[in-house]
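What follows is a single structure, written as structure tokens, with notes after it.
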Amino acid sequence: MNDNRKEIIRLLRQSEGKPVSGQEIGSKLGITRAMVWKYVRNLRREGYDIRSSPKVGYILDACPDRIDPDELKAILKTSLIGTNIRYHTELESTNNTAREIALKSPEGTVVIAETQKNGRGRLGSEWQSNPGGVWLSLILKPAISLDNLSKITLVAGIAVTNTLRDAGVDARIKWPNDVLVKGKKICGILTEVSAEVDKVDYVILGIGINANIKLDGLKEEIRRKSTSITNEVGKAVNRTTFIASLLYELEQQYIKFKTQKFTDIVDEWINLSDTIGKEVRIRTPNKLIEGKVVGITEKGAIVVLDRDKKRHEIIAGNCRYCN
Ligand code: BTN
């Protein structure tokens, strides 16, 4: 956004609902009142709700619900995750864009889009990505082998869940990579990887959070099983500050993953888990397992006891609750 427009918004925000005259804004910016008026007209076209009362001044009633990448960069408290932010108003899929730029981008690069035309979910499903959501992909380059990949998804689930809980949402993790609130989905995570036999080149962590989306804009079969932050806390969340908190939390968890025993992370995951104790049906590429989830191993595999009390350790699969 042009500097003068940004400054006008800053001045109006700062006055907290009290009118600011065109004269005052003009003299602070070194421009005429007529120019201030032209900027205000453009800001209104962008969705800013600016009241003007003759001889008194301008009042900012509401800002459009947009992520502000400049503000995000300014408030971010991380030293790796989000140091390179690519913001787009619309993309096919943030995961696709992240993949295209992954090799030449530094670790911690984040691709964000206001909307996705072709958002992708797990197992080839569509991910509806209407305005108001948090749709982002993070590029990581951990020095791990492929069989440790599912741990990264668990780490991301913890970070998202902690951030949602801090925002007042009663979020819990459904194995392997959904976040639910009282059984309804608020977030999905799509982990994609490029790897050689014994070494991961990069991981793309695609995170989709129903922040301020309108649930009635979702397809019926999805809507029944979904919720949003707005729906849970009764008001829209500021997505810019929310993303700043999410990236901070992701960095904290990623540091733990790299420096601590994985059992510490497993303990945190158990505390936030929605899945432990549930009767489930888990489909893996080569089998279908039905039983009760009784734990998770220090390697991040979920432990299921089937009807014959046979123990199964499953590292990845599609999980459905039976009750
Ligand atoms: C799922 O639960 O099926 C995973 C959904 C992942 C959606 C996110 S939104 C940002 C990123 N870009 C995509 O195309 N998908 C992921």
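In each ligand, atom 1 is the first atom listed, and ligand 1 is the first ligand listed.
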Apply the test side-chain contact (heavy atoms from CB on, under 4.5 Å) to residues W135 and I213: give CA-CA distance (whole Å), side-chain angles for both, the deciding distance (0.1 Å), then the verdict. CA-CA 11 Å; W135 321 127; I213 62 157; 3.8 Å; yes

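Using a 4.0 Å cut-off to heavy atoms of D178, the atoms of ligand 1 that qualify are 2 (O). Atoms of ligand 1 found under 4.0 Å from any heavy atom of G121, numbered from 1 in the order shown, are 1 (C), 3 (O), 4 (C), 5 (C). Listed by atom number, the atoms of ligand 1 under 4.0 Å from G208 heavy atoms are 8 (C), 9 (S). Near G119, meaning under 4.0 Å from any of its heavy atoms, are these atoms of ligand 1: 14 (O). Short contacts between ligand 1 and I189, defined as distances under 4.0 Å to a heavy atom of the residue, involve ligand atoms 4 (C). Taking every heavy atom of S93 and a limit of under 4.0 angstrom, the matching atoms of ligand 1 come to 12 (N), 13 (C), 14 (O). In the vicinity of T94, heavy-atom distances shorter than 4.0 Å reach the ligand 1 atoms 10 (C), 11 (C), 12 (N).
Given atom 9 (S) of ligand 1, the protein heavy atom at minimum distance is Q116 NE2, 3.4 Å. The nearest protein atom to atom 15 (N) of ligand 1, hydrogens excluded, is given as R120 O, 2.7 Å; this is a heavy-atom distance. The protein heavy atom nearest to atom 5 (C) of ligand 1 is W127 CE3, 3.3 Å.
No hydrogens or angles considered: nothing links the side chains of N95 and S93 as a donor-acceptor pair under 3.5 Å. In the model, S194 has a side-chain atom that pairs as donor or acceptor with a side-chain atom of D201 under 3.5 Å. Using modelled atom types, one finds no donor on one side chain facing an acceptor on the other under 3.5 Å when comparing T240 with D68. For the residue pair E114/T89, the side-chain donor-acceptor check at 3.5 Å is not satisfied.
Distances from ligand 1 to the non-hydrogen atoms of K185 include at least one value under 4.0 Å. S129 does not count as a contact of ligand 1, since none of its heavy atoms falls under 4.0 Å from the ligand.
Residue Y321 comes nearest to K174 through the heavy atom pair OH-CG, 3.3 Å, listed as atom of the first residue, atom of the second, then distance.
Listed for the E126 side chain is no donor-acceptor partner under 3.5 Å among the backbone atoms of R120. T83 places no side-chain N or O within 3.5 Å of a backbone atom of S79 that could act as its donor or acceptor partner.
Inclusion of N177 in the set of residues having an N or O under 3.5 Å from an N or O of ligand 1 is not warranted. Backbone and side-chain nitrogen or oxygen atoms of N118 are examined, and none is located within less than 3.5 angstrom of a nitrogen or oxygen of ligand 1. Between W135 and ligand 1, no pair of N/O atoms sits closer than 3.5 Å. Where the criterion is an N or O separation shorter than 3.5 Å, residue side chain and backbone included, R122 meets it with respect to ligand 1.
By the criterion of a heavy-atom distance under 4.0 Å, the backbone of I207, and not its side chain, is placed next to ligand 1. Here N96 has no heavy atoms under 4.0 Å from ligand 1, in either its backbone or its side chain.
Looking at K77 and E251, no side-chain N of the basic residue comes within less than 4.0 Å of a carboxylate O on the acidic one, giving no salt bridge. A salt bridge links E313 with R311: the distance from a Lys NZ or Arg NE/NH1/NH2 to an Asp or Glu carboxylate oxygen falls below 4.0 Å. A salt bridge links R239 with D65; the closest basic N to acidic carboxylate O contact falls under 4.0 Å.
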